[in-house]
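Structure first, then comments.
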Amino acid sequence: MAELHHIRNYINGQIARPANRRAFEDVDPATGTVFALVDEASEEDVDAAVGAARRALRGAWGRMDADVRAVLLDRVAAGIEARFDSFLAAEVADTGKPVSLASSLDIPRGAANFRAFASVLKHHAGEFFATRWHGSDAINYTLRKPKGVIAVVCPWNLPLLLMTWKVAPALACGNCVVVKPSEETPATATLLGEVMREAGIPDGVYNVVHGFGPGSAGEHLTRHPGVDAITFTGETGTGGAIMKAAADGVRAVSFELGGKNAGVVFADADFDRAVDDTARAVFLNSGQICLQAERLYVERPIFDRFVAALVAKAEALRAGPPGDAATSLGPLISLEHRRKVLSYFDRAREEGASVVTGGGAIAMPGELAGGAWIAPTVWTGLPESSAVVREEIFGPCVHVRPFDEEEEAVELANDSPYGLAAMLYTGHVSRAHRVAARLDAGIVWVNSWFLRDLRTAFGGTKQSGLGREGGIHSLEFYTELKNVCVRL
Ligand code: NAD
């Protein structure tokens with residue numbers, strides 16, 4: 001058997017061997033085979049990474065002009081594009097997602113995040129006030145200072161995209177970062193280290209420590225007293241654990257967490273658009289996108305036709321080798337995650353759901369037989385109290401329910417402990433604005449889905465998150481605003 005390649009930590013501008021010499025396996029979810037070994041960072045390695053970040057903050061990076069930083073970040077974007085094929089191969093091996101998806105979404109957005117935040121940095125303005133108080137004149141103006149060393153803890157569903165969505169604004173604002181990628185998808189973070197070095201980013205500004213959460217790199221990093229703030233994307237329960245770790249030292253957190261997003265489709269909507277968009281919202285990336293829809297509420301006159309059209313979309317998806325251009329459905333991230341998703345499939349059946357399509361694992365031929373494949377699934381007929389309708393499943397599955405009144409649709413959509421995103425399809429302009437205002441979510445897509453402008457505020461309400469990032473909102477988290485008052 002050929003020797004497996006190693007994915008290493010990246011500390012202080014160097015590929016680093018872990019002090020404890022421990023490694024874990026990186027599994028290709030499309031085949032279930034181990035294709036790499038990943039060095040697991042020890043507490044000592046995490047300490048070295050945080051120390052390197054702190055030194056860089058006091059050194060060249062901390063003293064660098066903002067416009068020079070912006071030039072370097074543009075170079076990082078160009079560096080990702082120059083190594084597009086390597087990033088694509090790494091992301092596809094880690095996630096099993098179709099090349100058609102990773103090449104049109106994950107990798108281009110990795111580069112776009114650096115360009116977008118280099119631009120935000122160049123164009124943001126501060127506050128200025130001319131003040132007169134008790135006969136004294138003064139001017140007040142604000143300065144934005146970096147927050148310091150930022151821990152960036154990442155999930156596995158859009159590894160490069162979601163990591164760079166945090167790293168780019170953090171660096172643009174002059175911070176240094178220590179990234180803890182998901183244990184499922186470590187490859188692109190280390191590759192980005194090489195791009196950082198080639199782009200001229202000083203040593204210690206960008207560090208990567210691999211490992212797991214509790215008792216491993218994730219916990220060591222978030223508990224480290226040298227970390228000034230933590231930005232985290234992942235499950236709501238993990239967010240709670242990280243919040244407790246952040247309480248020591250009263251450190252700031254920014255959280256993008258789980259969801260159970262609802263889509264509402266009115267009978268007056270452009271039917272084909274609503275079907276196309278909701279099918280993407282349910283099945284893209286095998287349903288493993290935080291913005292995905294797992295609950296759809298469809299006005300009764302079009303309900304049967306809509307379910308039939310959605311099922312046709314599900315059944316047209318082609319599972320297959322990720323590298324095949326005809327593949328439109330990848331596996332889930334792991335066999336363990338598939339077990340969790342299948343437990344909800346069992347539960348749906350036990351609770352009396354009509355399984356309109358799908359409902360189980362898919363048997364794949366040849367080398368794909370060991371992968372985490374699962375059928376796109378549509379249910380109807382469950383009560384709203386069902387765990388299948390209330391809890392995040394994070395798979396290619398959706399429950400569809402009819403409604404009769406606008407008020408009822410709003411109540412059903414809002415009856416959730418989560419509030420990340422909502423989708424709304426209608427041809428009636430007043431209804432679009434009226435319902436959008438009432439849906440309890442951080443983002444409402446009207447007659448659209450996943451149309452992102454990186455300058456807009458992004459984040460969730462209720463248990464879907466804490467804080468907002470994007471454009472100027474990212475600057476709010478990644479900087480400390482200082483007011484300077486000068487008597488004239
Ligand atoms: P997860 O919470 O299991 O893991 C995320 C990261 O946290 C991993 O790197 C993991 O190693 C680390 N971690 C786990 N326990 C930790 C601890 N105690 N201390 C420190 N680090 C710890 O999430 P996941 O399964 O990787 O990702 C899927 C979840 O992410 C879903 O719930 C999804 O909705 C959510 N998500 C949300 C958004 C958003 O924008 N709101 C975006 C993508 C994914």
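This chain uses plain numbering: 1 for the first residue, then up along the sequence. Each ligand, and each atom within it, is numbered from 1 in the order the structure gives. Heavy-atom basis, side chains included; hydrogens, waters and symmetry copies ignored. Keep in mind that what you see is a predicted model, and the values were worked out from it rather than measured.
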Looking at A245, is its backbone amide N or carbonyl O close enough to the side chain of D248 to form a donor-acceptor pair, meaning the two atoms are under 3.5 Å apart? no
What does the list of residues with a heavy atom under 4.0 Å from ligand 1 look like, ordered by chain and number? V153, C154, P155, W156, N157, L162, K180, P181, S182, E183, F212, G213, P214, G218, E219, T222, F232, T233, G234, E235, T238, A241, I242, E256, L257, G258, C290, E392, F394, L420, F458
Between K462 and N414, which heavy-atom pair has the shortest distance, and what is it? NZ-O, 3.1 Å
Measure from NZ or CZ of K147 to the centre of the six-membered ring of F477 and say whether it is under 6.0 Å with the direction within 45° of the ring axis. yes
Are Y425 and W445 near enough that their ring centres are under 6.0 Å apart? no
Ring pair (Phe, Tyr, Trp, His ring centres under 6.0 Å) filter on Y418, not counting sequence neighbours, yields none
Side-chain donor/acceptor of N207 to backbone N/O of A52, under 3.5 Å: no
